Participant: 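The structure under discussion is supplied below as C-alpha coordinates; questions concerning it will follow.
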Amino acid sequence: MGHEITIAIDGPGSSGKGTVARAVARALGYAYVDTGAMYRSVALLGLERGLNIEDEDQMASLARSLDIRFTWDGDVLRVALADQDVTRAIRAEAVGQGASQVSALPAVRQALLDRQRELAAAGGVVMDGRDIGTVVLPDAQLKVFLDADLDERARRRHEEILRRGETTPFEVVRSELHTRDERDRGRTVAPLRPAQDAVIVDSTEMTIRQAVDRVLSLAQERRRVVDTGADPQ
Ligand code: DC
(Lines give C-alpha, C1' and ligand atoms only; values in the text may rest on other atoms or scores of the structure.)
Protein backbone atom coordinates (compact mmCIF):
# COMPACT_ATOMS: atom_id res chain seq x y z
CA MET A 1 0.00 0.00 0.00
CA GLY A 2 1.44 3.35 -1.05
CA HIS A 3 4.67 4.18 -2.77
CA GLU A 4 8.02 3.89 -1.15
CA ILE A 5 9.81 7.21 -1.32
CA THR A 6 13.43 8.24 -1.03
CA ILE A 7 14.37 10.45 1.91
CA ALA A 8 17.54 12.55 2.03
CA ILE A 9 18.66 13.94 5.39
CA ASP A 10 21.60 16.33 5.43
CA GLY A 11 23.12 18.46 8.14
CA PRO A 12 26.27 19.30 10.09
CA GLY A 13 27.98 16.99 12.60
CA SER A 14 25.97 16.13 15.73
CA SER A 15 22.80 17.73 14.39
CA GLY A 16 21.10 14.44 15.24
CA LYS A 17 20.67 13.39 11.61
CA GLY A 18 22.03 9.86 12.11
CA THR A 19 19.73 9.15 15.05
CA VAL A 20 16.75 10.70 13.31
CA ALA A 21 17.44 8.97 9.97
CA ARG A 22 17.75 5.59 11.71
CA ALA A 23 14.50 6.02 13.66
CA VAL A 24 12.63 7.19 10.55
CA ALA A 25 13.94 4.23 8.53
CA ARG A 26 12.88 1.80 11.23
CA ALA A 27 9.42 3.34 11.60
CA LEU A 28 8.81 3.15 7.85
CA GLY A 29 10.50 -0.22 7.34
CA TYR A 30 12.99 1.44 4.96
CA ALA A 31 16.67 0.78 4.44
CA TYR A 32 19.12 3.22 6.03
CA VAL A 33 22.39 4.31 4.44
CA ASP A 34 24.90 6.20 6.57
CA THR A 35 27.14 7.89 3.98
CA GLY A 36 29.29 9.48 6.69
CA ALA A 37 30.29 5.93 7.71
CA MET A 38 31.63 5.43 4.17
CA TYR A 39 33.89 8.50 4.35
CA ARG A 40 34.89 7.51 7.87
CA SER A 41 35.80 4.01 6.66
CA VAL A 42 38.05 5.36 3.92
CA ALA A 43 39.78 7.58 6.49
CA LEU A 44 40.14 4.70 8.96
CA LEU A 45 41.79 2.47 6.37
CA GLY A 46 44.10 5.29 5.31
CA LEU A 47 45.13 6.00 8.90
CA GLU A 48 45.55 2.31 9.78
CA ARG A 49 47.80 1.79 6.78
CA GLY A 50 49.86 4.88 7.57
CA LEU A 51 48.97 6.56 4.27
CA ASN A 52 48.80 10.28 3.64
CA ILE A 53 45.08 10.84 3.82
CA GLU A 54 45.34 13.89 1.64
CA ASP A 55 46.73 11.83 -1.25
CA GLU A 56 43.81 11.81 -3.66
CA ASP A 57 44.90 8.82 -5.79
CA GLN A 58 45.52 6.57 -2.81
CA MET A 59 42.33 7.58 -1.02
CA ALA A 60 40.24 7.18 -4.18
CA SER A 61 41.64 3.73 -4.68
CA LEU A 62 40.62 2.82 -1.10
CA ALA A 63 37.15 4.25 -1.78
CA ARG A 64 36.75 2.27 -5.00
CA SER A 65 37.61 -1.01 -3.34
CA LEU A 66 35.74 -0.33 -0.10
CA ASP A 67 34.13 -3.58 1.03
CA ILE A 68 31.59 -2.08 3.42
CA ARG A 69 28.58 -3.79 4.93
CA PHE A 70 25.82 -2.44 7.16
CA THR A 71 23.85 -4.83 9.38
CA TRP A 72 21.32 -4.24 12.15
CA ASP A 73 22.14 -5.68 15.57
CA GLY A 74 18.97 -4.84 17.51
CA ASP A 75 18.95 -1.04 17.39
CA VAL A 76 22.64 -0.75 16.60
CA LEU A 77 23.76 -0.37 13.01
CA ARG A 78 26.98 -2.37 12.68
CA VAL A 79 29.53 -1.38 10.09
CA ALA A 80 32.01 -3.96 8.78
CA LEU A 81 34.94 -3.57 6.42
CA ALA A 82 35.60 -6.97 4.89
CA ASP A 83 35.36 -9.07 8.07
CA GLN A 84 36.51 -6.35 10.49
CA ASP A 85 33.81 -4.77 12.69
CA VAL A 86 34.59 -1.04 12.68
CA THR A 87 31.36 0.24 14.28
CA ARG A 88 33.24 1.81 17.16
CA ALA A 89 36.58 2.56 15.48
CA ILE A 90 35.04 4.84 12.85
CA ARG A 91 33.52 7.07 15.56
CA ALA A 92 36.93 8.15 16.94
CA GLU A 93 37.47 11.91 16.68
CA ALA A 94 40.66 11.51 14.61
CA VAL A 95 38.73 9.39 12.12
CA GLY A 96 35.97 12.03 11.95
CA GLN A 97 38.52 14.72 11.13
CA GLY A 98 40.16 12.37 8.61
CA ALA A 99 36.75 11.72 7.03
CA SER A 100 36.22 15.43 6.63
CA GLN A 101 39.63 15.66 4.90
CA VAL A 102 39.15 12.73 2.52
CA SER A 103 35.63 13.91 1.72
CA ALA A 104 37.05 17.10 0.18
CA LEU A 105 38.86 15.02 -2.49
CA PRO A 106 36.78 14.92 -5.72
CA ALA A 107 37.93 11.44 -6.80
CA VAL A 108 36.92 9.99 -3.43
CA ARG A 109 33.49 11.61 -3.67
CA GLN A 110 33.01 10.29 -7.20
CA ALA A 111 33.88 6.73 -6.16
CA LEU A 112 31.43 6.79 -3.24
CA LEU A 113 28.72 8.62 -5.18
CA ASP A 114 28.23 5.73 -7.59
CA ARG A 115 27.87 3.28 -4.72
CA GLN A 116 25.49 5.53 -2.81
CA ARG A 117 23.21 5.87 -5.84
CA GLU A 118 23.21 2.08 -6.32
CA LEU A 119 22.15 1.63 -2.69
CA ALA A 120 19.20 4.00 -3.18
CA ALA A 121 18.14 2.77 -6.60
CA ALA A 122 15.32 0.54 -5.34
CA GLY A 123 13.65 3.34 -3.32
CA GLY A 124 12.35 2.87 0.22
CA VAL A 125 15.53 4.32 1.63
CA VAL A 126 16.64 6.96 4.09
CA MET A 127 20.12 8.27 3.35
CA ASP A 128 21.98 10.79 5.48
CA GLY A 129 25.07 12.88 4.88
CA ARG A 130 26.09 16.34 3.70
CA ASP A 131 25.24 16.36 -0.02
CA ILE A 132 22.44 13.81 -0.36
CA GLY A 133 19.74 16.30 -1.33
CA THR A 134 22.06 18.43 -3.46
CA VAL A 135 24.20 15.87 -5.31
CA VAL A 136 23.62 12.20 -4.52
CA LEU A 137 19.81 12.06 -4.75
CA PRO A 138 18.62 15.34 -6.27
CA ASP A 139 15.27 13.69 -7.09
CA ALA A 140 14.56 12.47 -3.55
CA GLN A 141 10.87 13.02 -2.75
CA LEU A 142 11.71 14.36 0.69
CA LYS A 143 14.79 16.39 1.58
CA VAL A 144 15.41 17.46 5.13
CA PHE A 145 18.22 19.68 6.34
CA LEU A 146 18.60 19.02 10.04
CA ASP A 147 20.43 21.78 11.83
CA ALA A 148 21.16 22.89 15.41
CA ASP A 149 23.29 25.62 17.03
CA LEU A 150 26.99 24.87 17.38
CA ASP A 151 26.79 25.00 21.20
CA GLU A 152 23.94 22.53 21.32
CA ARG A 153 25.66 20.19 18.86
CA ALA A 154 28.89 20.39 20.88
CA ARG A 155 26.91 19.59 24.04
CA ARG A 156 25.40 16.49 22.37
CA ARG A 157 28.77 15.35 21.03
CA HIS A 158 30.42 15.92 24.43
CA GLU A 159 27.73 13.85 26.16
CA GLU A 160 28.23 11.05 23.66
CA ILE A 161 31.99 11.08 24.32
CA LEU A 162 31.44 10.95 28.11
CA ARG A 163 28.98 8.08 27.67
CA ARG A 164 31.68 6.13 25.86
CA GLY A 165 33.84 6.56 28.95
CA GLU A 166 36.24 8.98 27.26
CA THR A 167 37.16 12.44 28.47
CA THR A 168 37.67 15.42 26.22
CA PRO A 169 37.08 18.98 27.46
CA PHE A 170 33.92 20.60 26.13
CA GLU A 171 35.90 23.47 24.57
CA VAL A 172 38.01 21.02 22.55
CA VAL A 173 34.92 19.18 21.32
CA ARG A 174 33.31 22.47 20.32
CA SER A 175 36.35 23.73 18.48
CA GLU A 176 36.88 20.42 16.60
CA LEU A 177 33.25 20.41 15.55
CA HIS A 178 33.60 23.99 14.35
CA THR A 179 36.72 23.15 12.31
CA ARG A 180 34.93 20.24 10.65
CA ASP A 181 31.86 22.36 9.89
CA GLU A 182 33.96 25.03 8.25
CA ARG A 183 35.81 22.49 6.12
CA ASP A 184 32.59 20.70 5.08
CA ARG A 185 30.85 23.98 4.23
CA GLY A 186 33.82 25.60 2.52
CA ARG A 187 35.00 22.84 0.18
CA THR A 188 34.57 23.25 -3.57
CA VAL A 189 32.97 19.88 -4.30
CA ALA A 190 29.56 19.12 -2.83
CA PRO A 191 29.80 21.51 0.12
CA LEU A 192 27.44 21.13 3.04
CA ARG A 193 24.36 23.23 2.27
CA PRO A 194 20.61 22.72 2.15
CA ALA A 195 19.11 21.83 -1.25
CA GLN A 196 16.81 24.53 -2.60
CA ASP A 197 13.78 22.34 -1.98
CA ALA A 198 14.89 21.01 1.42
CA VAL A 199 12.78 21.48 4.52
CA ILE A 200 14.97 22.99 7.22
CA VAL A 201 14.39 21.48 10.64
CA ASP A 202 16.18 23.22 13.50
CA SER A 203 16.52 20.70 16.31
CA THR A 204 18.25 23.03 18.81
CA GLU A 205 15.20 23.11 21.06
CA MET A 206 13.76 19.74 20.08
CA THR A 207 14.08 16.31 21.62
CA ILE A 208 15.08 13.47 19.30
CA ARG A 209 11.50 12.19 19.48
CA GLN A 210 10.17 15.55 18.30
CA ALA A 211 12.62 15.70 15.40
CA VAL A 212 11.73 12.12 14.38
CA ASP A 213 8.00 12.91 14.52
CA ARG A 214 8.50 16.01 12.42
CA VAL A 215 10.35 14.07 9.70
CA LEU A 216 7.80 11.24 9.84
CA SER A 217 4.94 13.64 9.33
CA LEU A 218 6.78 15.25 6.39
CA ALA A 219 7.33 11.77 4.94
CA GLN A 220 3.66 10.92 5.32
CA GLU A 221 2.71 14.11 3.55
CA ARG A 222 5.12 13.41 0.68
CA ARG A 223 3.84 9.84 0.35
CA ARG A 224 0.30 11.11 0.08
CA VAL A 225 1.31 13.54 -2.66
CA VAL A 226 3.16 10.81 -4.57
CA ASP A 227 0.26 8.34 -4.11
CA THR A 228 -2.38 10.75 -5.37
CA GLY A 229 -0.23 11.72 -8.34
CA ALA A 230 -0.35 15.36 -7.30
CA ASP A 231 3.43 15.54 -7.28
CA PRO A 232 4.47 18.45 -9.50
CA GLN A 233 7.97 16.92 -10.05
O1 DC B 1 28.18 12.52 9.36
P2 DC B 1 29.57 12.13 9.79
O3 DC B 1 30.07 12.93 10.96
O4 DC B 1 29.69 10.65 10.03
O5 DC B 1 30.52 12.46 8.53
C6 DC B 1 31.93 12.39 8.58
C7 DC B 1 32.54 13.30 7.54
O8 DC B 1 32.27 12.79 6.23
C9 DC B 1 32.01 14.73 7.54
O10 DC B 1 32.88 15.60 8.23
C11 DC B 1 31.93 15.12 6.08
C12 DC B 1 31.98 13.83 5.33
N13 DC B 1 30.73 13.53 4.62
C14 DC B 1 30.55 14.11 3.38
O15 DC B 1 31.38 14.91 2.95
N16 DC B 1 29.47 13.80 2.63
C17 DC B 1 28.54 12.95 3.09
N18 DC B 1 27.49 12.66 2.33
C19 DC B 1 28.69 12.36 4.38
C20 DC B 1 29.80 12.69 5.12
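Atoms within a ligand are numbered from 1 in the order they appear, just like the ligands themselves. Hydrogens, waters and symmetry mates are skipped; everything else that's a heavy atom, side chains included, is used. Everything numeric here is computed off the predicted structure, so don't read it as measured data.
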Participant: Between R91 and D34, does any NZ, NE, NH1 or NH2 come within less than 4.0 Å of an OD or OE carboxylate oxygen?
Facilitator: yes
Participant: Can you list everything that forms a side chain to side chain donor-acceptor pair (under 3.5 Å) with D147? Sequence neighbours excluded, please.
Facilitator: none
Participant: Going by heavy atoms in the side chains, are V86 and I68 under 4.5 Å from each other?
Facilitator: no
Participant: On the 0 to 90° scale, with breaks at 30° and 60°, tag the F170-H158 ring pair as parallel, tilted or perpendicular.
Facilitator: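 Aromatic pair F170/H158 classed perpendicular.
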Participant: What does the 4.0 Å heavy-atom contact list look like for ligand 1?
Facilitator: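 K17, T35, G36, Y39, R40, R91, A99, S100, S103, R109, G129, R130, D131, I132, R180, D184, R187.
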Participant: For D202, which residues count as a salt bridge (charged side-chain N to carboxylate O under 4.0 Å, His left out) partner, sequence neighbours excluded?
Facilitator: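 None.
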Participant: Can you list every pair that meets side-chain hydrogen bond (donor to acceptor under 3.5 Å, both in side chains) and has a residue in residues 112-123, with sequence neighbours left out?
Facilitator: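 The answer is Q110-D114.
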